[in-house]
Amino acid sequence: MIKTPFEAGGFAFSSEKMMEKAVKEGEGIRYIKNSVDMSDPQMVFDVYCQMVSQRLFETPPGYVYLYELRELLRANPSISNRDIPPIPVIASEKADVKRPAEAQRRQQPAQKKVKNVKNIDYKPWFKASISISVILLLIVIGMFAVTATSGNINIVNYENALIEKYEGWETKLKEREEKIREREKMFGQSEFSEGEAAD
């Protein structure tokens with residue numbers, strides 16, 4: 001079997017230019033498949049309509065992908081078959097060359113608009129960021145709870161620890177003062193009694 005020099009996506013092309021276009025469309029198809037939730041028929045319908053209206057695909061791999069999407073939508077009872085637009089086909093490679101400059105300019109913004117499909121895929125990131133935020137909030141609350149209930153001196157229980165410390169010092173000082181007074185009384189009385197005995 002002879003392999004043709006310009007082959008992409010299982011199709012043989014007459015020129016390298018068309019083959020490169022098919023390769024780019026194949027990359028676009030992979031991007032859309034990764035970005036669109038295929039289980040949501042309304043989302044698939046919106047993306048399909050956008051691609052058809054902007055005429056994003058002009059090669060056989062692109063047409064095959066559009067046809068698969070169209071058949072998927074036709075099989076879904078929630079989408080009316082009358083609402084599914086047909087796939088526009090460009091007649092040949094020469095039509096692409098002879099296309100007016102205005103149509104080519106229209107094609108460029110359309111390719112940029114396909115990138116907006118990426119916005120659909122932010123739901124998992126949003127859910128993940130909310131989950132992480134909740135986990136971090138619980139960790140911070142737990143840290144405050146541990147700090148408040150621990151016996152170590154820290155910013156939360158610093159005032160209470162100081163008050164307890166000073167109260168302890170105050171009771172020790174009072175006890176010492178009482179002992180000193182008792183000693184003074186004992187020494188004062190013993191000195192006095194010794195003085196009387198000497199008289």
Side-chain angles (χ1 to χ4, degrees), residues 1-140:
M1 183 179 240
I2 300 170
K3 186 176 180 183
T4 57
F6 306 114
E7 185 178 331
F11 295 94
F13 295 93
S14 58
S15 71
E16 186 175 1
K17 180 182 174 185
M18 285 302 288
M19 181 198 70
E20 289 174 355
K21 189 178 281 192
V23 169
K24 285 182 182 176
E25 286 184 10
E27 292 170 1
I29 290 167
R30 278 190 294 280
Y31 175 78
I32 291 168
K33 283 181 177 179
N34 291 334
S35 301
V36 175
D37 181 10
M38 298 306 282
S39 63
D40 183 357
Q42 186 59 45
M43 185 180 296
V44 173
F45 177 75
D46 292 342
V47 171
Y48 171 82
C49 290
Q50 186 179 7
M51 290 188 293
V52 166
S53 67
Q54 295 172 356
R55 296 179 180 243
L56 294 181
F57 298 115
E58 300 175 357
T59 65
Y63 293 140
V64 168
Y65 180 66
L66 286 175
Y67 183 78
E68 289 172 358
L69 286 181
R70 189 169 198 277
E71 290 304 307
L72 182 72
L73 292 170
R74 287 171 53 92
N76 194 309
S78 65
I79 304 291
S80 171
N81 288 343
R82 283 178 281 148
D83 296 337
I84 303 171
I87 301 166
V89 178
I90 296 176
S92 69
E93 182 181 344
K94 292 179 182 177
D96 184 52
V97 174
K98 293 180 179 178
R99 192 167 37 168
E102 182 182 330
Q104 287 179 350
R105 268 187 257 120
R106 238 184 284 132
Q107 181 69 15
Q108 289 171 349
Q111 290 173 348
K112 290 179 183 174
K113 288 181 183 176
V114 170
K115 293 180 181 176
N116 291 340
V117 175
K118 186 176 182 181
N119 292 341
I120 297 168
D121 199 28
Y122 283 122
K123 288 179 183 177
W125 291 102
F126 180 70
K127 289 178 183 176
S129 65
I130 286 179
S131 301
I132 291 170
S133 299
V134 168
I135 290 169
L136 290 175
L137 179 65
L138 292 174
I139 289 172
V140 169

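- Taken from CG in Leu72 to CE in Met38, the straight-line distance is 5.5 Å, to the nearest 0.5 Å.
- From Leu56, atom CG reaches atom NZ of Lys24 across 14.0 Å, with rounding to the nearest 0.5 Å.
- Between Ile87 and Tyr65 the shortest side-chain heavy-atom distance does not fall below 4.5 Å.
- Minimum heavy-atom separation, Pro88 to Val52: CD-CG1, 3.5 Å.
- Interatomic distance, OG of Ser80 versus CG of Leu73, reported as 11.0 Å (0.5 Å rounding).
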* Full working for side chain to side chain contact (heavy atoms under 4.5 Å, CB included) between Phe45 and Asp83 -> CA-CA 9 Å; Phe45 177 75; Asp83 296 337; 4.0 Å; yes
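- A salt bridge links Glu71 and Arg74; the closest N-O separation between the charged side-chain nitrogens and carboxylate oxygens is under 4.0 Å.
- Expressed to the nearest 0.5 Å, how far CE of Met18 lies from CD of Glu25 amounts to 7.5 Å.
- Rounding to the nearest 0.5 angstrom, the gap separating the NZ atom in Lys21 from the CD atom in Glu16 is 13.5 Å.
- Checked by atom type, the side-chain pair Asp46/Gln42 shows a donor-acceptor distance below 3.5 Å.
- Looking at heavy atoms from C-beta onward, Leu66 lies out of side-chain contact with Arg70 at the 4.5 angstrom threshold.
- Note: Ile84 CD1 to Asn76 CG = 8.5 Å, rounded to the nearest 0.5 Å.
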